[in-house]
Amino acid sequence: MKIAIAGNPNSGKTTLFNALTGLNQFVGNWPGVTVEKKEGKLKKKKNVHIMDLPGIYSLSPYSLEEIIARDYLVNERPDVIINIIDGTNLERSLYLTTQLAELGIPMVIAVNMMDSVDKAGDKLDTKKLSEQLGYPVVGISALKKRNIQQLIKETLKAGEDKGSVPVMKFNSVAEEAITGIKEIVGSKADGINDRWLAVKFFERDEKVSDTYKLNKSEAEAVEKYIKKCEEKLDDTSESIIANERYKYAAKVASSSFVKKDKGALTVTDKIDKVVTNRFLALPIFVVVMFIVYFVSVTTVGAIVTDWTNEVLFAELIAPGVEDWLVSINTADWLTGLIVDGIIGGVGAVLGFVPQMFVLFLFLAFLEACGYMARIAFILDRLFRKFGLSGKSFIPMLIGTGCSVPGIMASRTIENERDRKMTIITSIFMPCGAKLPIIALIAGALFNEAWWVAPSAYFMGIAAVIISGIILKKTKPFAGDPSPFVMELPAYRWPTVGNVLKSMWERGWSFIKKAGTVVLLSSIFIWFTSSFGIIEGKFTMVEDLSDGFLSKIGTALAWIFKPLGFGEWRLTVATIMGLVAKENVVSTIGILYGFAEVSESGEEIWELLAASYTQIAAYSYLAFNLLCAPCFAAIGATKREMNSGKWTWFAVGYQTVFAYAVALIIYQIGTLISTGAFGLWTVIAFIVLGLMLYLLFRPQPKRSLTGERITA
Ligand code: GDP
C-alpha cells in the first residue's frame, strides 16, 4: 500500500512522517522544509510505503513544490492520502483539502497541532468536520505523538476499502460548465479522475492542456463552456473556482471550530507587533544577528577555539605526536607530513569546530522558533523598495549554514530572472566554512575586536543588496520582483532534540569535510610546498619558499598585489579555497608552520599579524568571503541554472565583484591610514565611481507592460 502525506508547508508533515516511519528527517519551523519528496516505510509494517510530499497550498502548478506534489498524486496515484492540516489554521488548510478531494483518491484528514488548539482553549470538533467533509477525521499531535495509532488504523482502513469518495460541489453555473467539459474530456482521463481533469480544463491549466491534448473542435467546445460561465458570473474561471473553494472552506471551518476569545491577540501576534514593527524590526534584526556572530566568533566560541588551537593542537597533540614519531625512528619526511601537513592543516580547521557549533546552535534555534521566517519578511519590506524580492532571502538565510542547500532552495522562486539572481548572490552570505576565515582574521589581526565578525555577516548582506540593485538594472534581470507571500509560522519553543540535531547535522558535515577534502588538500599542500628542485635536483626543501608551491604561488601573486596580499602563501590559500573554503585556513596553517611553532602557541597569529596590516587582512577577508564559492557550490549553481554559460557568468561576476570590493578597501583604506597614493589608488577610485554609477543610475525605461523598451 502507498500512503502519501500532503498538506500546507509547516503543518507538521515531517514530524508526522518521522512519527509514522521512525525515521529522523530534519524538521524546521520554516515553510518549505520539504522540497523533495521523501519515502519511508510504516513502522512494523514494511509493506506500507509512506511518501512525504513537499508542503503546498494548492494543486495549481505555480511552484516547483506544487508540481512535484501534483505529479506524484496524479501520476503515481497513492492508495490513500493523509491530508495533514494545522488545527490552529483550519480555514486556510481546508482550501487544499477541497482540491485533494477532487483527485478521487481515498483520504483521511489528520488535524495536527491539537495540543496547541487545546492549550489555547479553542474547540475543534473533529466529528462535525468529518460529517461535513465526508472523510474520516482524526485529531492528532504529531509532536506529542498523540492519536497516531488511531490515524494509522483509519488510514489503512480507508486505503483498503476504496469506496467512492465525496467531492465538494461548486455553484450551479460552474457545475454546469464542468459537467459539460467532463463529457468532452472525460475519455482522456486514463487512470486519472475525470472530474479533476474537467476542473483543471475549466481553470485553463496549461500543464493539463499540454499533457491531455484536445483536437480543435474539442478545445473550442471547452472554451465555449468556460466563456459562458465567465460571462454569467463576471469573473475569470480560475478565480470562480478559487472563490468557491474559499467560501466552502470558511463555511466548514466556522461550523466546526470555536475560538475561545475572538479577536484576542495570540502570543505570536504580540511578539510580532514588536519584532516586525515598521521602525523596530530592522534594529532588532541587526542586534540579533550581531549577537549571534559576536558570541559565536568572538566570545564563547573563541575561548574554546583558542584553547583547541593553541593548547590542544599546538602544545599537546603536535609535539606529542612528533616526539612519538621520532622515538620510533620515523623517516623525517613522514614526520613532517604527519605533523606539519596533516595535523597542521586539518588541525587548523578542526580548531574552529567549537565556534562553528555555537553558530549552528544559534541558527538552529532562530530557525526552529520562527524568527528566521520573520527576517525574510522584514527584509522583503525593505528591499521591495529597491526592486528586489524577499523570496530571495530564504535561500540566503539557508545559505548561512551552507551555500549548496541555499542554492537549491532558490527553486521555490518561480520567476526565472529572480531565481538566477538569487543563485548568483546567495553565496555572498558567509557560510559555515567561511567562519574559520572570519575567526582567524578577527583573532590574528584585530585582537578579537567586537565588530569584525558581525561586520562580515553584514558585508554579505550588503553585497547581496548592491549586486541585486546593479543586476536589476541590466537587461537580463530587469522586471518587477516576484511577489512574495510567506506565511509567518507561529512562534514555538523549539524542542531541545530538534535544535541539537540540526546543529549536529551541520557541524558533523563540517567535521567530515575536515577528514576528507581538507585532509587530502593538506597532504597535497604539504608535498607541493615541501619539495622542490634545488640545483637541478628534486629534493625536500629546508625553506618552504624553495618549494614548488611557492614558485606557483609567486607566479600568481601579482594578481592580488593591488589588494594588499600579493604573497604566495595567501595566494595559494585563496586558490585552495575553491576546493573547499575550509582549505583557506588549513593552508595558512601549513604554510605558516602552525604545528612547528608549538611552544608559544599563538605564533601563527603573530606571524600573520607581523606580515600584514589590518587593512590588508580585512581586504583578504572580503575577497575570500565574496569571491567564487567552493566547487560544490559551483556545481550546485550549474545544476540549478542548467547552463554552462550562466554558471561562468555567476562565477565571473562573484570574483570580479570580490576583487573590486577588496581593491577599494585596501587602496582607499591605505590612503586614509598612511597617505600612500599610487596608480592603484586611482584605479580604486575609478572602480568605486563605476560601482556607484551602476548602483544609482536611473532604472532603464520600461514600457507599461513591464517589458523593457529595447530601442
Ligand atoms: P512541515 O514543514 O509540514 O514538514 O512541518 P514540520 O514537521 O517541519 O513542523 C513544523 C513545526 O511545527 C515544527 O516546529 C514542529 O516542531 C511543529 N509541530 C509539528 N507537529 C506539531 C504538533 O503536533 N504540535 C505542536 N505544538 N507543534 C508541532
query = Does Pro562 offer a backbone N or O that forms a donor-acceptor pair with the side chain of Gln667 under 3.5 Å?
reply = yes
inquiry  = Side chains of Val517 and Glu582, heavy atoms from C-beta outward: is any pair under 4.5 Å?
reply    = no
Contact check, side chains of Gln355 and Thr298, non-hydrogen atoms, under 4.5 Å = no
key: Residue pair Cys630 / Lys434, side-chain heavy-atom distance below 4.5 Å   = no
request  = Hey, could you give me the CE/CD1 distance between Met641 and Ile423, rounded to the nearest 0.5 Å?
outcome  = 4.5 Å
inquiry  = Return the SG to CG distance between Cys431 and Leu625, rounded to the nearest 0.5 Å.
reply    = 9.0 Å
query = Considering all heavy atoms of both residues, which atom of Ala376 and which atom of Leu397 are nearest to each other, and what is their separation?
reply = N-CD1, 4.0 Å
Phe362 and Thr400: CA distance, side-chain angles, deciding distance, side chain to side chain contact (heavy atoms under 4.5 Å, CB included) verdict = CA-CA 11 Å; Phe362 273 115; Thr400 45; over 6 Å; no
message = Give me the atom names and distance for the closest heavy-atom approach of Leu350 to Ala514.
response = CD2-CB, 3.6 Å
query = What closest approach, in Å, do Gly553 and Val572 show between heavy atoms, and which atom pair accounts for it?
reply = CA-CG2, 3.9 Å
task = Would you indicate whether the side-chain heavy atoms of Ile407 and Arg639 approach each other to under 4.5 Å?
result = no
query = Would you call the rings of Phe565 and Phe623 parallel, tilted or perpendicular, where under 30° means parallel and over 60° means perpendicular?
reply = tilted
task = Using the six-membered ring wherever Trp is involved, compare the ring planes of Tyr618 and Trp451 and label them parallel, tilted or perpendicular (cut-offs 30° and 60°).
result = tilted
Donor + acceptor pair across side chains of Tyr620, Thr574 (<3.5 Å) = yes
note = Between the CG atom in Asp340 and the OG atom in Ser522, the distance rounded to the nearest 0.5 Å is 11.5 Å
query = Roughly how far, to the nearest 0.5 Å, is CZ of Phe677 from CD1 of Ile668?
reply = 10.0 Å
ask   = Which atoms form the tightest heavy-atom contact between Pro430 and Ile438, and what is the distance?
value = CB-CD1, 4.1 Å
ask   = Any side-chain heavy-atom pair from Met372 and Ile375 closer than 4.5 angstrom?
value = yes
task = Could you tell me which non-hydrogen atom of Thr681 sits nearest to which non-hydrogen atom of Ala676, and how far apart they are?
result = OG1-O, 4.1 Å
task = Check the pair Arg417 / Leu471 against side chain to side chain contact (heavy atoms under 4.5 Å, CB included), numbers first and verdict last.
result = CA-CA 10 Å; Arg417 293 177 312 240; Leu471 292 176; over 6 Å; no
Backbone N/O of Ser545 and side chain of Ser550: donor-acceptor pair under 3.5 Å = yes
query = Between Thr528 (side chain) and Ile525 (backbone), is there a donor-acceptor pair under 3.5 Å?
reply = yes
message = Apply side chain to side chain contact (heavy atoms under 4.5 Å, CB included) to residues Lys472 and Asp418 and explain how you reach the verdict.
response = CA-CA 9 Å; Lys472 263 280 163 193; Asp418 285 0; 3.2 Å; yes
ask   = If we only count heavy atoms from C-beta on, is the Ile615 to Ser673 side-chain gap below 4.5 Å?
value = yes
remark   = Value for OG (Ser403) from NZ (Lys581), rounded to nearest 0.5 Å, stands at 9.0 Å
Cationic N near anionic O, under 4.0 Å, Lys420 to Glu416 = yes
message = Please find the pair of heavy atoms, one from Val584 and one from Gly577, that lie closest to each other, and give the distance.
response = CG2-CA, 3.7 Å
request  = Determine whether Phe524 and Val579 make a side-chain contact, defined as any pair of heavy atoms from C-beta on separated by less than 4.5 Å.
outcome  = no
ask   = Checking Gln654 side chain against Ile424 main chain: does a donor-acceptor pair fall under 3.5 Å?
value = yes
key: Validation row: Val687, Ile664 side chains within 4.5 angstrom (heavy atoms)   = yes
ask   = Got a sec: does the CZ of Phe538 have more than 12 other heavy atoms crowding it under 6.0 Å?
value = yes
query = Leu694 and Lys473: side chain to side chain contact (heavy atoms under 4.5 Å, CB included), yes or no, with the steps?
reply = CA-CA 8 Å; Leu694 289 175; Lys473 289 185 181 172; over 6 Å; no
inquiry  = Whether the side chain of Thr571 engages the backbone of Glu567 through a donor-acceptor N/O pair (distance < 3.5 Å, no angle test) should be reported.
reply    = yes
inquiry  = Is the ring pair Phe649/Trp646 parallel, tilted or perpendicular, if the boundaries are 30 and 60 degrees?
reply    = perpendicular
request  = For residues Phe548 and Phe531, establish whether the separation of their ring centroids is below 6.0 Å.
outcome  = no
query = What residue among Val499, Asn498, Leu500 forms side-chain contact (heavy atoms from CB on, under 4.5 Å) with Val496?
reply = Leu500
query = Judged by atom type as modelled, is there a donor-acceptor pair below 3.5 Å linking the side chain of Ser619 to the main-chain atoms of Leu563?
reply = yes
note = When rounded to the nearest 0.5 Å, the distance separating CG of Asn583 from CD1 of Ile575 is 12.0 Å
